[in-house]
Enquirer: 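My questions all concern the structure below.
Sequence positions, counted from 1, serve as the residue numbers for this chain. Just so it is clear, the structure is predicted and the values come from calculations on it, not from any experiment. Atom set for the values below is all heavy atoms of this structure, side chains included, hydrogens, waters and symmetry mates excluded. First listed ligand is number 1; within each ligand, the first listed atom is number 1.
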Amino acid sequence: MEHDPVREVDPEVADALESEIARQQDTLAMIASENHVSEAVMDAQGSALTNKYAEGYPGKRYYGGCEHADTVEQLAIDRAKELWGAEHVNVQPHSGSQANMAVYIAALEPGDKILSLRLTHGGHLSHGHSANFVGDHFEVEHYESDPETGYLDYEALYEHAQEFDPDMIISGYSAYPREVEWDRIQRAAAAADALHLADIAHITGLVAADEHETPVGTADFVTGSTHKTIRAGRGGMVMCGEEWAEAIDKAVIPGMQGGPLMHNIAGKAVGFKEALTPEFEEYASRVVVNAEALAERLQDRGLELVSGGTDTHLVLIDLRPSHPDTTGKDVEEALQNAGIVLNANTVPGETRSPFNPSGIRAGTPALTTRGFTASDCRTVADLIADVVDAPEDEDVLAAVAETVGELTDKHPIYE
Ligand code: DSN
């Protein structure tokens, strides 16, 4: 029998872990921020480096025995520099939110002003929502996307920055389907004498593969998470020019964190190596092609997409025009019952509560990892549209679940 240390110690957790692999295999992961990492990345994250304290940075640690931690972290840094072209990279933040926190600690004083996209328009909690520490420690105002077009309103952002006089403008989003024009945001930041933080958490992989224009070299800081389109396992990172290197490193430790999660940094190193291959470039290109196929078919089926389509890895469906009595939660729950896992999402000009919003967000990174083609994604669009049309019809849900089963059998995740 195969050696299974978790099962020998803790059958309840072992059962849950096995069930989670089965859940991922048997359902379509369409939450736009999720992906499936390789077994190599998972092994690295589950390695003995979880035992090691390594406060400090390669070659400058507070504790002994860090020689292998140094090797791993330096590889992660060097590969990140190659992927994104940044002068300085810190791979220690435990998450994308903590990467943002490091930037605030390095560059702002409590009470400084931040201008960021409103959460309900596709922003992020850590960009200054009132329920987050950022909203508590800084004076925050929000810009919005145009509810008519769904595109960012760069002119309004410029004017807002002139009036508000922020210390920092944040770009980079969680639910924005279009290419971000970094230079236009940088122009607004420069005119207001503000710093510019571009949070590319969702599109790290697309930027690395040149599927989306890069903010590196334009924005003062670029942050990201490492487990979304880049597939390097859970974590965060900060990129900046040399002039901010020391301040960022000090903000991460001792400013904010203690020991880095070296096992996660090993996952980052391995995932970044995978991302430096032509296969990854091909993958990133297919993520976008698949999202476009999904978008076109959803529109053919009468669903309205925010901004009328996508340039990225995600689509945002506004249910109000086509299905005014159906909420995002209704659809999320019905789809989950049929094996398609995505999330209800607010849309620009939201008229419902954020807990039961008017939209659904769907992404193609995870499906593409398991080999879905554009044709498969058109089929998935039909399944989503079938459920949106009849979320309570058991026959429809059963038929959708059957097709989901055929698709997941055709595209296994872990052999
Ligand atoms: N929770 C992530 C998302 O789904 O966009 C962002 O942190």
Enquirer: Please give me the minimum heavy-atom distance between I360 and A344, naming the atom from each residue.
Expert: CG2-CA, 4.1 Å
Enquirer: Do the rings of H313 and H202 sit parallel, tilted or perpendicular, given the 30° and 60° boundaries?
Expert: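 Aromatic pair H313/H202 classed tilted.
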Enquirer: Tell me yes or no: between the side chains of Q24 and E20, is some donor less than 3.5 Å from an acceptor?
Expert: yes
Enquirer: Mark up the atoms of ligand 1 that fall under 4.0 Å of a heavy atom belonging to S33, in ascending order.
Expert: 2 (C), 3 (C), 4 (O), 5 (O)
Enquirer: Enumerate the atoms of ligand 1 whose separation from the nearest heavy atom of R361 is less than 4.0 angstrom.
Expert: 3 (C), 4 (O), 5 (O)
Enquirer: Would you say the side-chain atoms of N100 and S97 include a donor-acceptor pair closer than 3.5 Å?
Expert: no
Enquirer: For ligand 1, is any non-hydrogen atom under 4.0 Å from H227's backbone (N, CA, C, O), its side chain (CB onward), both, or neither?
Expert: neither
Enquirer: Should you measure from each heavy atom of S174, which atoms of ligand 1 turn up under 4.0 Å away?
Expert: 5 (O)
Enquirer: What atoms in ligand 1 come closer than 4.0 Å to a heavy atom of H202?
Expert: 3 (C), 5 (O)
Enquirer: Which heavy atom of the protein is the closest neighbour of atom 7 (O) of ligand 1, given with residue, atom name and distance?
Expert: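 For atom 7 (O) of ligand 1, the nearest protein heavy atom comes out as H124 NE2, 2.9 Å.
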Enquirer: Which one of T403, L335, V396 satisfies the side-chain contact (heavy atoms from CB on, under 4.5 Å) criterion with L383?
Expert: T403
